[in-house]
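This report refers to the structure that appears directly beneath it.
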Amino acid sequence: MSRLIIENRSCLSDAQALYYVAHVIRQGRISGSSYCSATWWRNVGIAVYASRNKASDRLVVCDVPEAQESEILKGEKSSNEG
């Protein structure tokens, strides 16, 4: 049996946050060990960050402010150029 810890640090209700967490879980574990470390919905400004330790998975739902969006996009642009 696995244990999930979900933290809702966003402006969403818990029910809405679970929608995004469920999406990440449905995608499955990457390389068989953990969920995607960061999944971002740019159109709604929401991200889910996942981490794993030996006892549990932690999924954190966060708001992504516009200022932070520009930093994310800057990183995506530089990684696509390399």
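A donor-acceptor contact shorter than 3.5 Å is absent between the side chain of D63 and the backbone of S10. Between the R52 side chain and the S33 main chain, a donor and an acceptor come within less than 3.5 Å of each other. The closest donor-acceptor contact from the side chain of N8 to the backbone of L12 lies under 3.5 Å.
To the nearest 0.5 Å, atom OH of residue Y49 and atom CZ of residue R9 are 10.5 Å apart. Atoms CG and SG, from L59 and C36 in turn, are 10.5 Å apart once rounded to the nearest 0.5 Å.
Here the closest non-hydrogen pair linking I30 and Y35 is CG1-C, 4.0 Å. Nearest heavy atoms, I5 versus S56: CD1-OG, 3.6 Å. The nearest pair of heavy atoms linking V21 to V48 is N-CG2, 4.4 Å. When every heavy atom of I46 is checked against every heavy atom of W40, the shortest pair comes out as O-CD1, 3.4 Å. Nearest heavy-atom pair across A55 and R3 is O-CB, 3.7 Å. When every heavy atom of V64 is checked against every heavy atom of A47, the shortest pair comes out as CG2-CB, 3.5 Å.
Taking 4.5 Å as the limit, every side-chain heavy atom of Q16 sits out of range of all side-chain heavy atoms of V61.
Salt bridge present: D57 and R29 bring a charged side-chain N and a carboxylate O closer than 4.0 Å.
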Would R58 and V60 count as a side-chain contact (heavy atoms from CB on, under 4.5 Å) here? Give the steps. CA-CA 7 Å; R58 177 181 301 269; V60 181; 3.9 Å; yes
